[in-house]
Amino acid sequence: TGVSGVFLRRYTRKVVRRFEIKTPLVILSGGAIGTPLFFQRAQPPVPELKDGPIGKNLRVHPSAYAVALFPEPVKGWEGIPQGVHLTHDDQPRLHGMGIFVHPSQMAISLPGFGHTHKALMARTPSMALFGVMIEDTSSGEIRSAGSFDEKGNYSLNQEDADLLKFGLRNLAEIFLN
C-alpha cells in the first residue's frame with residue numbers, strides 16, 4: 001500500500017522524476033476541485049468510483065470581503081489573520097471572518113490605476129478586511145477533460161446570492177458603526 005506518481009515540468013509536462021512512497025495509510029486532501037479530478041484521472045481507475053458521483057454536487061462556499069479604511073493604523077498583517085468568526089442568529093448558513101492578506105495580494109483587488117492605486121496602497125496599514133462566506137445550496141460539477149484540463153460548471157442560485165448580499169450589507173454596517 002502507498003502512493004506513486006511523477007514530478008512534471010511546469011509548461012512542457014515532461015516527467016522529471018518518478019516517486020513511490022510505501023505507507024499503510026494514504027490520506028487524500030485535494031479540496032472540492034482537486035479530489036474529484038484526482039479520482040477521475042486515477043490510473044488504473046478505481047472500480048468502485050467509475051460510475052459514481054465523483055465530481056458532482058460541487059459546493060464552493062462562495063465568499064466576498066469588504067475593505068475599510070480607518071484613520072489610525074490597523075496593521076492587519078500583525079497577529080492572527082483570521083482571529084474573529086461571526087455568526088448571525090437568523091442566518092445559520094452565513095459566516096463572517098476577520099481576514100487579512102499581504103498587501104501584494106490586496107493590490108490586485110483594490111480599485112484604481114497608476115498614481116491613484118499607488119496612493120491607496122500607501123494606506124494599507126490603515127485598512128481592515130472582513131469576509132463573509134456562505135454554506136451554499138447551489139451546486140455544480142467538475143470533470144476531467146484530459147490529463148491536465150478540467151471542465152466545471154457552477155451557478156450561484158438566487159437564494160445564495162441574496163444571502164451573500166445580506167452578509168456584505170452587514171459587513172458595511174459593522175465597518176460604518
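For reference, positions follow the sequence shown, starting with 1. We use all heavy atoms of the structure for the numbers below, so side chains are in, but hydrogens, waters and symmetry mates are not.
- Distance CG/Leu120 to CG/Leu110: 5.0 Å, rounded to 0.5 Å.
- Of the possible donor and acceptor atoms, one in the side chain of Ser138 sits under 3.5 Å from a partner among the backbone N and O of Asn157.
- Listed here is the closest heavy atom pair of Pro36 and Ala32: CG-O, 3.2 Å.
- Within the 4.5 Å cutoff, no side-chain heavy atoms of Lys14 are placed close to those of Val16.
- No more than 12 heavy atoms of other residues, nucleotides or ligands shown are found within 6.0 angstrom of NZ on Lys151.
- When side chains are defined from C-beta on, Arg143 does not count as touching Glu150, because their heavy atoms never get closer than 4.5 Å.
- Residues Met121 and Pro103 form a side-chain contact, since some pair of their non-hydrogen atoms from C-beta on lies under 4.5 Å apart.
- Across Gly96 and Phe130, no two heavy atoms sit closer than the pair C-CE2, 3.7 Å.
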**Report entry** Intermediate values then yes/no, side-chain contact (heavy atoms from CB on, under 4.5 Å), Leu58 and Ile33
**Finding:** CA-CA 8 Å; Leu58 174 67; Ile33 304 291; 4.0 Å; yes
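- Two residues are said to be in side-chain contact when any heavy atoms from C-beta on lie closer than 4.5 Å; Thr35 and Leu28 meet this criterion.
- Contact between Met127 and Met106 at its shortest, heavy atoms only, is SD-SD, 3.5 Å.
- Side-chain atoms of Glu141 do not come within 3.5 Å of backbone N or O of Gly55 as any donor-acceptor pair.
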Report task. Might you work through the side-chain contact (heavy atoms from CB on, under 4.5 Å) test for Lys118 and Thr116, ending with a clear yes or no? Result -> CA-CA 5 Å; Lys118 182 179 179 182; Thr116 304; over 6 Å; no
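- Salt bridge status for Asp136 with Arg93: absent, with no side-chain N to carboxylate O gap under 4.0 Å.
- Residues His95 and Leu86 form no side-chain contact, since every pair of their non-hydrogen atoms from C-beta on lies 4.5 Å or further apart.
- Remark: the Gln158 side chain and the Asp162 side chain contain an N/O donor-acceptor pair separated by less than 3.5 Å.
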Query - Candidate pair Arg18 and Glu20, rule salt bridge (Lys or Arg N to Asp or Glu O under 4.0 Å), full reasoning - result: CA-CA 7 Å; Arg18 296 182 184 284; Glu20 182 175 356; over 6 Å; no
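- Phe166 pairs in a side chain to side chain contact (heavy atoms under 4.5 Å, CB included) with only one of the listed residues (Leu164, Leu168, Asn170), which is Asn170.
- Exactly one of Ile99, Leu171, Val74 qualifies for a side chain to side chain contact (heavy atoms under 4.5 Å, CB included) with Leu129. That residue is Ile99.
- Residues Arg123 and Leu69 meet the side-chain proximity criterion, which asks for heavy atoms closer than 4.5 Å.
- Ring pair Phe175/Phe70 is perpendicular by interplanar angle, where above 60° counts as perpendicular and below 30° as parallel.
- Contact check for Ser63 versus Ile134: no side-chain heavy atoms found under the 4.5 Å cut-off.
- Listed here is the closest heavy atom pair of Leu156 and Asp160: CD1-CB, 3.5 Å.
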Query raised in the report: Between Phe7 and Phe19, is a ring pair (Phe, Tyr, Trp, His ring centres under 6.0 Å) present by the stated rule, with each step listed?
Result: CA-CA 8 Å; Phe7 291 102; Phe19 70 89; 5.2 Å; yes
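- Between the side chains of Ser139 and Arg59, no donor N or O sits under 3.5 Å from an acceptor N or O.
- Atom CZ of Arg169 sits about 13.0 Å away from atom CD1 of Ile174, to the nearest 0.5 Å.
- Rounding to the nearest 0.5 Å gives a distance of 9.5 Å between OH of Tyr11 and CZ of Arg13.
- Counting heavy atoms from C-beta on, the side chains of Met97 and Val132 never come closer than 4.5 Å.
- In the displayed structure, Phe113 atom CZ is contacted under 6.0 Å by at most 12 heavy atoms of other residues, nucleotides or ligands.
- Panel note: side chain Gln105, backbone Phe100; no donor-acceptor pair is recorded below 3.5 Å.
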